[in-house]
Number of protein chains: 2
Amino acid sequence: MSATPSETLPLACRRHDHQSCIEGAITTAAKICQAKAVKLTPLRRQVLALVWQSHKPLGAYTLIDMLAAADTRRVAPPTVYRALEFLLEHRLIHRIDSLNAYIGCPDPGHHHHNYFLICLDCGIAAECPTQYLSPAIEAAATAAGFAISSQSVEIVGRCPACRKHADA
Amino acid sequence: MSATPSETLPLACRRHDHQSCIEGAITTAAKICQAKAVKLTPLRRQVLALVWQSHKPLGAYTLIDMLAAADTRRVAPPTVYRALEFLLEHRLIHRIDSLNAYIGCPDPGHHHHNYFLICLDCGIAAECPTQYLSPAIEAAATAAGFAISSQSVEIVGRCPACRKHADA
DNA sequence: TAGACTATGTTATTATATAACGTTTTTTAT
DNA sequence: ATAAAAAACGTTATATAATAACATAGTCTA
Ligand SMILES: [Zn+2]
Ligand SMILES: [Zn+2]
Ligand SMILES: [Zn+2]
Ligand SMILES: [Zn+2]
């Protein structure tokens with residue numbers, strides 16, 4: 001395995017202060033919602049925080065269980081799906097189609113696409129920088145005469161950390 | 001809209017003799033299965049033919065309904081899912097994660113990835129040539145230190161034919 | 001404060017997929 | 001040819017993901 005400069009390693013794959021991931025995500029979300037004059041209600045905020053509990057995508061029903069564990073109240077599916085819908089609409093989270101799961105967006109301020117690197121060992125999903133992929137996708141669509149409306153890339157493999165373990 | 005040379009237009013988007021798509025797919029599948037010494041049973045062949053009824057991805061339960069309509073016998077989900085699993089395993093079909101649906105592979109002989117252009121108007125899904133995307137995806141994964149195991153690109157938009165209608 | 005609107009609660013249902021086990025058919029080994 | 005094994009398919013039940021339809025509560029505005 002060739003070394004990868006640590007600056008290019010996805011944050012999700014590096015040791016980091018994850019608490020500040022969570023706090024930053026909530027703070028940013030609050031700002032964005034305020035700017036848009038939409039409401040980040042307690043429920044929506046709580047679901048966002050739960051989605052951010054790790055860098056692993058979580059399913060809707062897992063979130064329901066987590067809500068139940070946190071609150072001693074069990075919400076029904078529509079409740080959490082509505083919160084997810086809101087968070088998706090305002091691009092605060094992404095949906096990973098191949099996993100039926102949801103993950104926090106680390107950069108909701110800037111419009112970008114659904115590009116993910118997903119580790120089949122540890123389950124983390126890291127957003128994939130746009131620079132390599134976006135031009136290629138546009139070229140492919142243009143060549144075929146398609147007008148792009150949305151796009152998604154899901155690369156499944158083994159993350160740097162898990163590769164190290166596997167090698168050892 | 002800029003003109004696209006018709007040679008680069010996906011077959012799915014052009015007028016064509018679709019009967020020969022179906023027949024070609026079955027013939028090729030039969031050859032591949034023979035070469036691998038695996039069995040393209042009547043059920044598997046029938047599911048493959050149904051998947052190929054159009055260039056639109058079909059869900060498993062739609063296939064069950066189509067089997068029922070064709071045969072006056074209704075198979076249970078596991079039956080069709082097993083056939084789909086076989087066809088997926090031998091790369092005779094692809095799964096479109098964003099649609100929970102399945103589509104025939106026009107070139108099962110050559111290993112390639114799950115790259116699709118999907119029309120949100122007419123529903124067709126065209127395989128996307130590898131040349132633009134594959135290097136970009138490899139570059140993105142390498143930069144992040146990921147070892148790729150599988151990859152999928154789903155570009156949703158409007159196909160050339162539907163763009164024409166929309167323009168008119 | 002009435003009316004409109006938004007958000008959440010509640011119940012039921014739909015859609016997608018798999019587990020577990022039984023039967024039939026095909027293949028392989030004797 | 002026949003027994004054992006494997007593969008394919010049938011059947012029932014269930015898991016998992018998502019939404020429809022309607023009720024209630026909170027919020028904003030006129
Ligand atoms: Zn973090
Ligand atoms: Zn990993
Ligand atoms: Zn065709
Ligand atoms: Zn179309």
Side-chain angles (χ1 to χ4, degrees), chain A residues 29-30 33-34 36-51 56-68 70-90 92-103 123 125 152 154, chain B residues 29-30 33-34 36-51 56-68 70-90 92-103 123 125 152 154:
Chain A
C33 289
Q34 190 165 34
K36 291 192 186 178
V38 295
K39 274 173 285 190
L40 188 65
T41 62
L43 175 69
R44 291 165 178 174
R45 181 186 299 255
Q46 192 181 6
V47 170
L48 180 62
L50 289 174
V51 165
K56 301 176 192 179
L58 298 176
Y61 283 76
T62 303
L63 290 166
I64 291 175
D65 292 342
M66 292 169 82
L67 278 170
D71 281 3
T72 336
R73 78 171 167 156
R74 168 158 289 260
V75 306
T79 298
V80 78
Y81 276 104
R82 282 190 288 236
L84 290 170
E85 187 182 25
F86 173 89
L87 298 170
L88 283 169
E89 185 182 344
H90 297 290
L92 301 170
I93 61 172
H94 297 279
R95 182 175 199 280
I96 311 275
D97 286 331
S98 62
L99 301 173
N100 295 335
Y102 305 84
I103 189 164
S152 139
E154 296 180 15
Chain B
C33 289
Q34 189 164 34
K36 291 190 184 180
V38 295
K39 275 172 285 188
L40 189 65
T41 63
L43 174 68
R44 291 165 178 173
R45 182 185 300 253
Q46 192 180 6
V47 170
L48 181 61
L50 290 173
V51 165
K56 302 176 192 180
L58 298 177
Y61 283 75
T62 302
L63 290 166
I64 291 175
D65 291 343
M66 292 168 83
L67 279 169
D71 279 4
T72 337
R73 78 169 167 157
R74 169 159 286 262
V75 305
T79 298
V80 79
Y81 277 104
R82 281 188 290 236
L84 290 170
E85 186 183 27
F86 173 89
L87 297 170
L88 283 169
E89 184 182 346
H90 297 290
L92 302 170
I93 61 173
H94 297 279
R95 182 175 199 278
I96 312 274
D97 286 332
S98 61
L99 301 174
N100 295 334
Y102 305 84
I103 189 165
S152 142
E154 296 179 17

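Lettering of chains follows the sequences in order, A, B, ..., and the numbering in each one begins at 1. Remember, it's a predicted structure, so these values are computed and weren't measured experimentally. The basis for the numbers below is simple: all heavy atoms, side chains too, and nothing from hydrogens, waters or symmetry mates.
Contact annotation: A:Tyr102 reaches the phosphate of D:dA18 (side-chain N/O to OP1 or OP2, under 4.0 Å). At the phosphate of D:dG10, neither OP1 nor OP2 sits under 4.0 Å from any side-chain N or O atom of B:Arg74.
Nearest nucleotide to the side chain of A:Pro77, out of C:dA7, D:dA18, C:dT10: D:dA18. Listed nucleotides: D:dA18, C:dG9, D:dT12. Nearest to the side chain of A:Val75: C:dG9. Residue A:Tyr81 places its side chain closer to D:dA17 than to any other of C:dT10, D:dA17, C:dT8. Listed nucleotides: D:dA17, C:dG9, C:dT16. Nearest to the side chain of B:Asn100: C:dT16. Nearest to the side-chain atoms of A:Arg95 among the listed nucleotides C:dG9, D:dA17, D:dT12 stands D:dA17.
With centres under 5.5 Å and a plane angle under 30°, the ring of B:Tyr61 is stacked against the base of C:dT16.
Using a 4.5 Å heavy-atom threshold, the side chains of B:Met66 and B:Leu58 count as touching.
Residue A:Thr79 is in base contact, counting any heavy-atom pair closer than 4.0 Å across all strands shown.
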Would you list the protein and nucleotides 20-28 of chain C atom pairs, both N or O, that sit under 3.5 Å from each other?
none

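Closest heavy-atom contact between A:Leu92 and A:Cys33: CD1-SG, 4.2 Å. Nearest heavy atoms, B:Ala101 versus B:Gly59: CB-N, 4.0 Å. B:Ala125 and B:Ile103 make their closest contact through O-CD1, 3.3 Å (heavy atoms, listed as atom of the first residue, atom of the second, distance). The nearest pair of heavy atoms linking A:Arg44 to A:Leu87 is O-CD1, 4.0 Å. Nearest heavy atoms, B:Val51 versus B:Tyr102: CG1-O, 4.0 Å. Closest approach of A:Leu50 to A:Leu63, counting heavy atoms only: CB-CD2, 3.8 Å.
Rounding to whole angstrom units, CG of residue B:Leu84 and P of D:dA8 are separated by 15 Å. Residue A:Leu88 contributes atom CG, which lies 10 Å from atom P of D:dA18 at whole-angstrom precision. The nearest whole Å value for the distance from the CG atom in B:Leu87 to the C1' atom in D:dA8 is 14 Å. In this structure, B:Ile64 places its CD1 atom 13 Å from C1' of D:dG10, rounding to the nearest Å. The interatomic distance linking B:Asp97 (CG) with C:dT16 (P) rounds to 14 Å, in whole Å. Note: CG (A:Asp65) to C1' (D:dT16) measures 12 Å, nearest angstrom. Here D:dA8 presents its P atom at 11 Å from CG of B:Leu40, a figure rounded to the nearest Å. Protein atom CD1 of B:Ile96 is 15 Å distant from nucleotide atom P of C:dT16, rounded to whole Å.
B:Glu154 contributes no side-chain N or O that, together with a main-chain N or O of B:Ile96, makes up a donor-acceptor pair within less than 3.5 Å.
With DNA chain C read from its 5' end, the first of the two nearest nucleotides for B:Leu99 and A:Phe86 is the one closest to A:Phe86.
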